[in-house]
Amino acid sequence: MATDLKKVFSINGQQGLFRYLSQARAGVIVESLITGKRSCAPLTSRMTSLHDISIYTDESEVKLQDVFENMKAKLGEQAAPSGKSAPETLKAFFEEVLPDYDRDRFYVSHMKKVVEWYNCLKEYASLDFVKEEEAEGDKEAKEAEVE
């Protein structure tokens with residue numbers, strides 16, 4: 001099943017990635033991709049959808065989904081380098097995957113998060129992503145069913 005990055009979140013202060021399930025009175029119901037445990041993330045939590053994240057390049061920005069697809073093309077079935085790898089290893093990896101990344105604004109700490117998220121998605125979800133057109137088509141189909 002394809003992963004919809006609009007529904008996959010990083011929550012500040014919590015390890016791993018979370019899948020959005022539904023809205024609750026006090027926050028948002030999410031499920032950990034790693035443990036499968038459900039919890040309520042309070043509205044005060046800083047949550048970021050992976051769909052909304054972009055990486056700076058010398059010319060513009062590249063969506064995280066495109067970076068993940070480049071990583072998958074490069075790595076095949078292998079995992080990305082660990083987030084605990086040496087900074088030189090991570091920089092060399094991103095030079096291959098995203099050669100024109102902005103060296104002044106895309107820090108090693110960001111690289112660590114990206115490879116950790118990639119490995120998490122690879123192991124616990126899917127690296128096949130829902131495309132924008134597919135998501136719009138699903139939305140239109142659901143709206144047609146309601147009418």
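Atoms considered below: every heavy atom in the structure, side chains included; atoms not considered: hydrogens, waters and symmetry mates.
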Could you tell me the separation between the [atom1] atom of [X] and the [atom2] atom of [Y], rounded to the nearest 0.5 Å?
{"X": "F18", "Y": "S45", "atom1": "CZ", "atom2": "OG", "answer": "9.5 Å"}
{"X": "S22", "Y": "R38", "atom1": "OG", "atom2": "CZ", "answer": "8.5 Å"}
{"X": "R46", "Y": "N12", "atom1": "CZ", "atom2": "CG", "answer": "5.0 Å"}
{"X": "D100", "Y": "T57", "atom1": "CG", "atom2": "OG1", "answer": "4.5 Å"}
{"X": "H110", "Y": "I53", "atom1": "NE2", "atom2": "CD1", "answer": "10.0 Å"}
{"X": "M71", "Y": "L98", "atom1": "CE", "atom2": "CG", "answer": "10.0 Å"}

[X] atom [atom1], over 12 foreign heavy atoms within 6.0 Å:
{"X": "Q23", "atom1": "CD", "result": "yes"}
{"X": "K91", "atom1": "NZ", "result": "no"}
{"X": "E61", "atom1": "CD", "result": "yes"}
{"X": "F106", "atom1": "CZ", "result": "yes"}

Taking the side chain as every heavy atom from C-beta outward, state whether [X] and [Y] have any pair of such atoms under 4.5 Å apart.
{"X": "L127", "Y": "E77", "answer": "no"}
{"X": "R103", "Y": "E95", "answer": "yes"}
{"X": "Y124", "Y": "L17", "answer": "no"}
{"X": "V67", "Y": "Y101", "answer": "no"}
{"X": "K122", "Y": "L75", "answer": "no"}
{"X": "L121", "Y": "F129", "answer": "yes"}
{"X": "K6", "Y": "Y20", "answer": "no"}
{"X": "V114", "Y": "F94", "answer": "yes"}

Please report the closest heavy-atom contact between [X] and [Y], naming both atoms and the distance.
{"X": "T89", "Y": "P81", "result": "CG2-CB, 4.5 Å"}
{"X": "S54", "Y": "K63", "result": "OG-CD, 3.7 Å"}
{"X": "A2", "Y": "V130", "result": "CB-CG2, 3.8 Å"}
{"X": "N119", "Y": "A80", "result": "OD1-N, 2.8 Å"}
{"X": "Y118", "Y": "G76", "result": "OH-O, 4.4 Å"}
{"X": "A26", "Y": "C40", "result": "C-SG, 4.3 Å"}

Side chain to side chain contact (heavy atoms under 4.5 Å, CB included) between K7 and H51, worked out: CA-CA 8 Å; K7 295 182 179 181; H51 178 266; over 6 Å; no
When you look at W117 and L64, which way does the side chain to side chain contact (heavy atoms under 4.5 Å, CB included) test go after all the steps? CA-CA 10 Å; W117 291 340; L64 185 60; 3.8 Å; yes
Side chain of [X], backbone of [Y]: donor and acceptor closer than 3.5 Å?
{"X": "K84", "Y": "K112", "answer": "no"}
{"X": "S49", "Y": "L5", "answer": "yes"}
{"X": "S32", "Y": "I34", "answer": "yes"}
{"X": "S126", "Y": "T3", "answer": "no"}

State whether R19 and D4 are salt-bridged, where the test is any N-O pair (Lys NZ or Arg NE/NH1/NH2 against Asp/Glu carboxylate O) under 4.0 Å.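 Result for this pair is no, no salt bridge flagged.
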Does one hydrophobic cluster hold both I11 and L43, with members joined at side-chain heavy-atom distances below 4.5 Å?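 No, I11 and L43 fall in different hydrophobic clusters.
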For V8, which of V30, T48, L50 qualifies under side-chain contact (heavy atoms from CB on, under 4.5 Å)?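 Filter result, single survivor: L50.
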